[in-house]
Amino acid sequence: MVRSMGRRPGRSRPGGVTISDVAEAAGVSRATVSRVVNERPSVQPEIAERVRAVIVELGYNPSRVAQSLSLGKTQTVGVVVPDLGNPTFQSILHGVNQAAATAGYRVLVADSEESADEERALVEDVRRRTDAVILCSPRMRPSDLDAVLPQIKPVVVVNRDQPAHATRVVVDYAGGISAMCRHLISLGHRRILHLDGPVGSNAQAARALGLATVAFEHPEVSIQRVPCGSTIDAGYAAYEAARGSGATAVIGFNDLVALGLLGHAREEGWRVPEDVSIAGFDDIPFARFATPALTTMRVAFESVGEAAWNALQSQLRGAVDADLRSFTPVVVDRDSTGPVRAG
């Protein structure tokens, strides 16, 4: 039972119930109320119980900002992505947000807009506003990444092979693109074109390694590469280069690129898969609804986001965590690829 200790403020009073109101009603100091709200163990159990009862009775809702100042924490983590419009990063963010919410954390998102030059300053600004940061596919130079990581801990890096001392969550893009090439080779294709992604992208560097591995394993196969990008517009613009390459199969850097090429091919009467097979990477939600449905590599990106949060939470709890968590893509065979046409 709560003791009556002076005035009981009503819920309708201007400005709402304050910490001073709770302190007065419970007969304790504001500092004591703050310690109870922030679950500090230094308050005697019977006093803490009395304060909590008053909080419930008065309907006191502690200011999140005040709690942050008191604890030196924001209960917020930052996620920096290179392109928020890309469904891949949206899926990773969803995985992070879902997992973080169960631990009482909010997520602040920042988009570097594929600018490696601006990314470091953006990351440092985000870290000043949050308790920790997840860097999703950072584009900055290795020297900049090495320099900034010690300054922004706790931090987890997604889809970047270096530095080895950082906590990382990666997708095996090299193995994934190799698997897609082998799938196309099994269909009889011997002239394969890859539409490369953004310069400086770790995912692109890994794909280049995977393509080189397949070229070494299959000297009878011609594997070409042309610069492209990571957007639907980039894929659409790559039509002339793709058709002029003589390739019987084209792999887009991601599904967005492949869908852009697929759309232009349909406009120009370049039949898919009769004249050319087209494949993507990532298995974004739109891929299976394309015409024809897009063959691609499936990656569990929401699980990637969840793994990034789990690694970050481990650091927030004081654990030393420099593990590598790796995800393996799998081939999803749909209608946009088929056997090479005779002749």
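- Residues forming a side chain to side chain contact (heavy atoms under 4.5 Å, CB included) with Asn86 (at least two apart in sequence, or on another chain): Asp83, Thr88, Phe89, Asn254, Leu256.
- Of the charged side-chain nitrogens involved, at least one lies within less than 4.0 Å of a carboxylate oxygen, so that Arg334 and Asp283 count as a salt-bridged pair.
- Using the six-membered ring where Trp is involved, His264 and Tyr239 have ring planes that are parallel, under 30° apart on the 30 and 60° scheme.
- Just one of Ile192, Ile185, Val221 meets the side chain to side chain contact (heavy atoms under 4.5 Å, CB included) condition when paired with Val214; it is Ile185.
- Remark: Ala237 engages no residue in a side chain to side chain contact (heavy atoms under 4.5 Å, CB included) (not counting sequence neighbours).
- Ion pairing between a basic and an acidic side chain is recognised when a charged N comes within 4.0 Å of a carboxylate O; Glu268 and Arg243 show no such pairing.
- The line from OG of Ser222 to NE2 of His189 is 13.5 Å long, rounded to the nearest 0.5 Å.
- Residue Arg182 qualifies as enclosed at atom CZ: its count of foreign heavy atoms under 6.0 Å is above 12.
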Indicate every side-chain donor-acceptor pair of residues 142-152 with a distance under 3.5 Å to a residue at least two apart or in another chain.
from   : atom 1 : to     : atom 2 : distance (Å)
Asp144 : OD2    : Arg141 : NH2    : 3.1
Gln151 : NE2    : Ala147 : O      : 3.3

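- Looking at Glu274 and Arg341, no side-chain N of the basic residue comes within less than 4.0 Å of a carboxylate O on the acidic one, giving no salt bridge.
- Looking only at distances, no side-chain donor or acceptor of Ser314 sits under 3.5 Å from a matching main-chain atom of Asn310.
- Looking at Arg191, its side chain does come within 3.5 Å of a backbone N or O of Gly246 through a donor-acceptor pair.
- Electrostatic pairing of Glu124 and Arg120 counts as a salt bridge here, judged by a charged N lying under 4.0 Å from a carboxylate O.
- Of the possible donor and acceptor atoms, none in the side chain of Thr32 sits under 3.5 Å from a partner among the backbone N and O of Val28.
- Within the model, atoms CZ of Phe281 and CE of Met297 stand 5.0 Å from one another, a figure rounded to the nearest 0.5 Å.
- The closest donor-acceptor contact from the side chain of Ser230 to the backbone of Gly197 lies at 3.5 Å or more, if one exists at all.
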